[in-house]
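For reference, the structure is listed below as structure tokens.
Throughout, numbering of the chain's residues begins at 1 and tracks the sequence. Just so you know, ligand 1 is whichever comes first in the structure, and atom 1 is the first atom listed for that ligand.
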Amino acid sequence: MNIEILAVGSELLSPFYLDTNSLYLTQRLNDLGFAVSRKTVVGDARDDIRSSIQSALDRAAYLFVTGGLGPTSDDVTREGCAEALGRTIVFHHGVLDKIETRFKRRGRVMPPSNAKQAEILEGAEVLNNDNGTAPGQWIPAGRTTVVLLPGPPHELKPIFEDSVWPRLAAHRAGYTARAILKTTGLNESEVETRIAALYPDRPDLRLTILASPGQIELHITAFSSHEESGARAAAGSLSDALLDRLGCFVFSTSGADLESVVGGLLRERHKTLATAESCTGGLLAERVTKISGSSEYFLEGFVTYHNTAKHERLGVPSELVQSRGAVSAEVAGAMAAGARERAGADFGLGITGIAGPTGGTVDKPVGLVYLACAFDGGVDVQKAIFLGDRQQVRFQSAQRALDMLRRNLLGLQAS
Ligand code: ATP
Ligand code: MG
């Protein structure tokens with residue numbers, strides 16, 4: 001069975017926007033055992049939309065069209081689709097009532113242009129949109145069913161889940177199960193070497209490595225044509241085998257990010273954290289506080305860029321900075337200990353390094369970073385030389401500091 005996706009929107013043909021809706025739709029269709037055979041992106045021109053839909057009608061059993069259902073004059077998906085199918089557009093009073101009510105609830109009067117969103121193709125079923133004004137439309141058209149969905153992802157996803165998924169699930173082609181292992185502390189080839197023997201050699205089980213500096217992810221996809229439990233079991237046993245090979249380098253099997261995992265450990269153990277950052281400029285604190293509820297364990301973040309700030313805010317001795325340099329194991333340790341003490345926290349994390357691309361020397365090259373974790377009983381310090389651009393060095397620095405804390409909390413050896 002052919003399934004196609006047509007993403008409508010001139011912005012998707014610019015260098016600034018990605019068609020993420022089709023990625024989402026593809027994932028969910030795969031979950032039902034359906035493959036997507038073609039994706040097309042087209043601008044907001046009615047003729048282009050019409051011809052793209054027309055040519056898909058010859059091939060596809062389902063055609064998902066996203067975007068261009070808004071109230072403005074550049075939103076012409078309805079019109080283009082009506083022309084392609086040779087249907088008229090009818091006005092749906094029930095939909096208009098809903099749109100008007102939506103505006104009223106917010107104390108506003110519906111602008112006349114929004115009435116356009118109550119236009120439905122002849123023969124279409126309305127797919128309710130609780131998160132926006134334009135409903136989706138389910139349009140049986142001969143061998144093809146055309147499904148119109150609004151462009152904003154927070155509108156498209158609930159419509160798909162609530163109204164499209166149940167219709168497709170009735171004749172699903174199979175079951176897909178996924179698992180993700182996230183690791184840090186090993187590079188891609190080290191991960192590869194450890195897991196090489198576990199690469200599955202069968203079409204219904206896939207293992208993909210997604211590598212980025214500081215984080216290697218293993219994505220498992222298992223498929224079963226007849227039972228969900230079969231797919232789950234296959235994904236689960238591969239996941240277990242990988243976990244066995246990678247051990248404590250795996251920080252998450254739930255999809256959670258490292259800051260979320262570390263936050264959970266701090267919360268569980270009723271411990272608190274303060275941070276002292278130089279080259280990361282607050283990235284570590286930003287990641288920690290990105291997690292809702294982090295106020296339970298995060299006390300304070302110091303961004304001490306200048307040497308004077310390291311001394312005045314954190315009590316790092318000026319002589320130490322003079323004698324060892326601001327980028328040194330001693331200063332990283334003193335920063336972590338200073339943050340811990342000044343904030344009255346259980347743990348202090350310190351980062352000092354050279355993020356580059358300028359500022360490196362022969363002795364202290366770009367990417368050299370010292371990381372420290374101060375705790376009740378001492379300070380661990382690590383030296384690292386990270387590769388990559390400024391942002392990648394900063395990310396890896398924050399990642400390593402978080403991992404030092406994770407390992408401390410779990411009583412594991414340093415990586
Ligand atoms: P609206 O009522 O908001 O105008 P619409 O159905 O007309 O909705 P568009 O105007 O095409 O949709 O897009 C609205 C916004 O939705 C875009 O600015 C973009 O942020 C997002 N969007 C549209 N298409 C996609 C896509 N394929 N992938 C990801 N985001 C998209
Ligand atoms: Mg629009």
*Ionic contact status for Lys39 with Glu4, cut-off 4.0 Å*: no
*Ignoring water, what protein N, O or S atoms are under 2.8 Å from the Mg ion (ligand 2)?*
Asp75 OD1, Asp75 OD2
*contact_flag Gly68 ligand 1 heavy-atom lt 4.0 Å*: yes
*Say whether Asp75, considering both its backbone and side-chain N or O atoms, lies within less than 3.5 Å of an N or O atom on ligand 1.*
yes
_For a quick check under 3.5 Å, do Ser37 and Asn2 share a side-chain donor-acceptor pair by atom type?_
yes
_Heavy-atom nearest neighbour of atom 5 (P) of ligand 1 within options Leu69, Thr66, Leu18_ = Leu69
*Do any N/O atoms on Pro152 end up under 3.5 angstrom from N/O atoms on ligand 1?*
yes
_I'd like to know if the side chain of Ser237 pairs up with that of Asp240 as donor and acceptor (distance under 3.5 Å, no hydrogens or angles considered)._
no
*Quick one: look up the protein heavy atom nearest atom 26 (C) of ligand 1 and list residue, atom name and how far away it is.*
Asn21 ND2, 3.1 Å
_Working to the nearest 0.5 angstrom, can you tell me the gap between Lys98 NZ and His92 NE2?_
10.5 Å
_Under 3.5 Å, is there a donor on one side chain and an acceptor on the other for Gln117 and Glu119?_
no
*Report the part of Ala134 (side chain from C-beta onward, or backbone N, CA, C, O) that has a heavy atom under 4.0 Å from ligand 1; answer both or neither where that applies.*
neither
Side-chain atoms of residues 9-18: list all donor-acceptor pairs with protein atoms under 3.5 Å, sequence neighbours left out, distances to 0.1 Å.
unit_1 : atom_1 : unit_2 : atom_2 : d
Ser10  : OG     : Asp44  : N      : 2.9
Ser10  : OG     : Asp44  : OD2    : 3.3
Ser14  : OG     : Glu11  : O      : 2.6
Ser14  : OG     : Phe16  : N      : 3.2

*Below 4.0 angstrom, N of the basic side chain to O of the carboxylate: do Arg287 and Asp257 qualify?*
no
*Counting heavy atoms not belonging to Arg172, are there more than 12 under 6.0 Å from its CZ?*
yes
*Looking only at distance, does Leu149 have an N or O less than 3.5 Å from an N or O of ligand 1?*
no
_Strictly below 4.0 Å, N to O, side chains only: are Arg28 and Glu161 in salt-bridge contact?_
yes
